[in-house]
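Computed from a prediction, not measured in an experiment: that's the story for all the values here.
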Amino acid sequence: MPALNSSTLTPIGGNFQATEENQETAETRIEPTTTVPPTVELENENRGLAVANLVPDEATPQDLPQAQDYNPENENRSRQTRRKQFKTKVLWGVIVLLAIILILVAIVTLGKNQDNLVPTTAPSELPSTNPSQGPSSYSEYWLSLFPESTVSTIQKVPGSPQSIAFRWLLDEIDILQRLAEQRVVQRFVLATFYFANSEERWFFGDNWLNHSVHECLWYSTLEEWYFEFEADIILALDYVNPCEQDPAGYLEDGVLYQGDGILKHFWLQYNGLSGSGIPPELYLLTDLKSLALDGLNLASTIPDELFNLSNLEYISMNACGLFGSIPEALANLSTLEAIYFAFNSLTGTIPSSLYFLTNSMTGILFSENQLTGPVPTELGLLTNLLGLALDTNLFTGTIPTELGQIAGLRSLFLSGNTLSGAMPNELAVLTDMLILQLYSIGLTGTIPRWLGNMTSMDALILETNSFAGTMPTELGLLTKISVFQLGVNKLSGTIPSEIGMHEQVLFLYLRSNNLTGTIPTELGLLTGAWQLLLNDNDLTGTVPLELGNVPFVQANYGDFWLHGNDLSGIIPESLCSANRLVFDCSSQLCGCDRCNCSSSGMNMVLLEAENQNGTGQLLGEENHTST
C-alpha cells in the first residue's frame with residue numbers, strides 16, 4: 001500500500017481509499033511555501049472530497065502521538081496476547097459460574113435435609129415422616145416419634161412433665177436437626193424424667209437440661225458408685241460413662257454435633273429424687289443395660305413396662321416404696337444378671353420365672369420385704385449366682401441343701417427369717433464364700449468345722465441362734481476375716497487362742513454364751529479391733545495386760561465389754577482411756593478413776609470410761625458396799 005503524504009481521498013462505502021489518478025492531480029498542483037500551507041485545487045468532478053493538508057514541522061505539537069513503523073511480528077505477538085487474555089477471562093468466568101452452581105446446590109440440599117430430617121442412623125422401630133419447613137412442622141415430626149399416649153399428654157395436659165419437656169425440646173431446634181431420631185427421643189425422655197422429679201431437691205444435677213452438653217455427660221451416680229462402692233462386683237462393667245464410651249459428638253460455635261452416644265446405663269440412686277416417680281416414657285430407652293433408681297419413692301407396684309426393656313442386665317430399685325408381688329414377666333429379661341428390690345414391701349413368693357435365668361443371673365437382693373413361703377430349692381439352679389440376699393423376710397422352713405450346687409456363691413444373707421434346723425453340710429463346698437450372714441433365724445446344732453475351709457471369708461455372722469457345743473479351732477484358719485459374730489448362742493468351752501491370731505479382725509462378738517476359762521492373751525494381737533464384746537459369759541481370771549494393745553481409743557464407737565463375768569484383779573491402765581469400757585466394779589475387779597481399788601467399799605456397778613474427757617461414768621444408780 002503506497003504512503004499517503006498528501007492525497008485526495010475518495011469515500012467508498014463509508015471507508016476512504018486513495019486512487020492513483022487523484023494522487024497525480026494532487027501532486028501537480030502543490031505549490032510549496034514557507035508561510036501558508038498549500039491547498040489543493042479541486043476539479044469540478046472531485047468536489048465534496050476530503051482534502052489533506054501538510055502540516056509544517058515547526059507547527060507540529062510535540063505531544064501528538066507519533067506513528068510507528070508497521071512490524072508484522074509485533075502484530076502477531078499482540079494478537080497472541082489478546083487471545084490468551086480472552087481465554088483466561090473465559091476460564092475464570094467458567095470457574096465462577098461453577099462455584100455459584102455448587103453453592104446453590106448445597107443450599108438446596110441443606111434445605112431439603114433440614115426439611116426431611118431423615119437421619120441415616122434412625123432406628124427402624126421409630127416412625128419417619130417428611131415435615132415441611134417451619135418450627136410447627138418440626139413439632140409435628142418430633143411428636144410422631146412418641147407413643148400416642150405421650151402425644152395425648154403433651155397436647156391435653158399443659159402442666160405435665162411431658163408437655164414441659166416437649167417445650168424445652170423445641171428450644172433445641174437448631175441442635176435437634178442434626179441428631180438421629182433416637183437421640184431426639186433420648187433427650188426428651190431424660191427431660192421428662194427431670195420435670196417429673198423435683199430437681200431442686202436433687203443432691204446433684206450437673207449439666208442436666210444443658211443444651212450445649214451431650215446427655216451422656218449429664219450427672220449420673222454410676223461413676224461414683226463404681227469406684228466408691230465397687231459396683232463392678234455387683235455388675236461387671238467395662239465403662240463408667242452412662243453411654244459406656246464418651247460421646248463422639250463435639251461442641252463448636254455453640255452447636256452440638258451428633259455423636260453416637262446412646263444411653264446404656266441410667267443411675268440416679270439416692271440422689272434426693274422426689275415427685276411423680278418414673279414416667280412411662282423412660283421405657284422408650286430400649287438400649288438400657290442397667291437401671292438404678294434407689295430411693296425414688298414410687299409407692300406403687302413394680303411397673304410392668306420395666307420388663308419391656310429387654311436388654312436390661314441390672315435393675316436396682318431399693319427403697320422405692322414398692323408393694324405387691326414380683327411379676328412373672330421377669331423371665332422376659334433373658335439377659336438379666338442382677339435384680340435388687342430390697343427395703344420395699346413386696347409380698348408373695350419368689351416367682352418361678354426367675355429360675356429360667358440360669359445362664360445369666362449373678363445377684364439377687366430381696367432383703368427387708370414381706371416375702372413368704374420356704375426358701376425355694378430351685379435357687380440351686382442358678383449356678384452362676386454370686387450373691388443371694390433374702391434376709392429380713394417371712395421365709396420359713398430350712399436352708400435348702402440345693403444351695404450347695406452354687407459352687408461360686410460369695411455371699412449368702414438369710415438373717416431375720418423363721419428358719420430351723422442345722423446348717424446343711426452341703427454348703428461346705430462353697431469355699432469362695434466371703435460373707436455368710438445367718439443371724440437370728442433359729443438355727444440349731446453345732447458350728448460346723450468345715451467353715452474353716454472358707455479361707456476367703458470376710459464376715460461370719462451367726463449371732464442370735466441356738467448353736468451349742470464348743471467353738472471349733474478351725475475358725476482360726478479364716479485368716480482374712482474382719483467380722484466375727486458368734487454372740488447370743490449356747491456355746492460352751494473356752495475361747496480358742498487361734499481366734500486372736502488375726503490382726504485384721506474389726507469386730508469380735510462372743511457375748512451372751514456359756515464360755516468359760518480365761519481371756520486368751522492372744523486377743524491382744526487384735527491390733528485392728530474396734531469392738532470386743534466378751535460380756536455375759538462365765539469367764540474367770542484377770543484382764544490380760546496384752547489387751548492394752550487393742551486400739552479401742554482410736555475408734556469413736558469402739559467398745560470393750562467385760563461385764564457379766566467373774567473376772568478379778570485390776571483393769572490395765574491402758575484400757576481406761578478407751579472410748580467405752582464396761583466392766584463390773586466389784587471387790588474382785590477394780591481400776592480406772594471411778595473404780596478406786598484403794599476404797600474399802602467397792603461399787604458393784606458397771607463402769608463406762610469415756611475417752612472424750614478421760615473420766616468414767618457409772619451406769620446405774622444403785623451402790624452396794626462390801627464389808
>> Please give me the minimum heavy-atom distance between Ser456 and Lys480, naming the atom from each residue.
In response: CA-CD, 4.3 Å
> Does the pair Cys590 and Cys595 meet the rule for a disulfide (SG to SG under 2.5 Å), with working shown?
Replying inline: CA-CA 5 Å; Cys590 60; Cys595 186; 5.4 Å; no
>> To the closest 0.5 Å, what do you measure between CG (Leu547) and CG (Leu575)?
In response: 6.0 Å
> Which heavy-atom pair separates Val375 from Leu419 by the least distance, and what is that distance?
Replying inline: CG2-CD2, 4.4 Å
> Looking only at heavy atoms, what is the nearest atom pair of Thr542 and Gly569, with distance?
Replying inline: CG2-CA, 4.4 Å
> Given Trp218, which of Trp208, Phe204, Phe266 fulfils the ring pair (Phe, Tyr, Trp, His ring centres under 6.0 Å) condition?
Replying inline: Trp208
>> Rounded to the nearest 0.5 Å, what separates atom CG in Leu293 from atom CG in Leu282?
In response: 6.5 Å
> Has Ile570 got more than 12 heavy atoms of other residues, nucleotides or ligands less than 6.0 Å from its CD1?
Replying inline: no
>> Does either side chain, that of Ser316 or that of Asp294, offer a donor lying less than 3.5 Å from an acceptor on the other one?
In response: yes
> Of the non-hydrogen atoms in Leu309 and Leu285, which two are nearest, and what is the gap between them?
Replying inline: CD2-O, 3.6 Å
> Would Asp536 and Arg511 pass as an ion pair if we require N to O under 4.0 Å?
Replying inline: no
Show me the side-chain donor-acceptor pairs of residues 379-393 shorter than 3.5 Å, one per line, residues at least two apart or across chains.
residue : atom : partner : partner atom : Å
Asn384  : ND2  : Thr358  : O            : 3.4
Asn384  : ND2  : Asn359  : O            : 3.0
Asp391  : OD1  : Ser367  : OG           : 2.5
Asn393  : OD1  : Asn369  : N            : 3.3
Asn393  : OD1  : Gln370  : N            : 3.3
Asn393  : OD1  : Leu371  : N            : 3.0
Asn393  : ND2  : Phe366  : O            : 3.0
Asn393  : ND2  : Leu390  : O            : 3.1
Asn393  : ND2  : Asp391  : O            : 3.2

Side chains of residues 432-445: which donor-acceptor pairs under 3.5 Å do they make with residues two or more places apart or in other chains?
residue : atom : partner : partner atom : Å
Gln437  : OE1  : Ser415  : OG           : 3.3

> Does the side chain of Met471 come within less than 4.5 Å of Leu515's, by heavy atoms?
Replying inline: yes
>> Using ring centroids (six-membered ring only for Trp), state whether Tyr314 and Tyr340 fall under 6.0 Å.
In response: yes
> Between Asn513 and Leu486, which heavy-atom pair has the shortest distance, and what is it?
Replying inline: ND2-O, 3.2 Å
When the side chains of residues 327-336 are checked against the rest of the protein, which donor-acceptor pairs come out under 3.5 Å, sequence neighbours left out?
residue : atom : partner : partner atom : Å
Glu328  : OE1  : Ser353  : N            : 3.2
Glu328  : OE1  : Ser353  : OG           : 3.1
Thr335  : OG1  : Leu312  : O            : 3.0

>> Between Tyr270 and Leu268, is the side-chain contact (heavy atoms from CB on, under 4.5 Å) condition met? List the steps.
In response: CA-CA 7 Å; Tyr270 300 116; Leu268 281 174; over 6 Å; no
> Does the pair Glu546 and Thr521 meet the rule for a side-chain hydrogen bond (donor to acceptor under 3.5 Å, both in side chains), with working shown?
Replying inline: CA-CA 6 Å; Glu546 289 80 1; Thr521 58; 5.1 Å; no
>> Which heavy atom of Leu291 sits nearest to which heavy atom of Trp267, and what is that distance?
In response: N-NE1, 4.4 Å
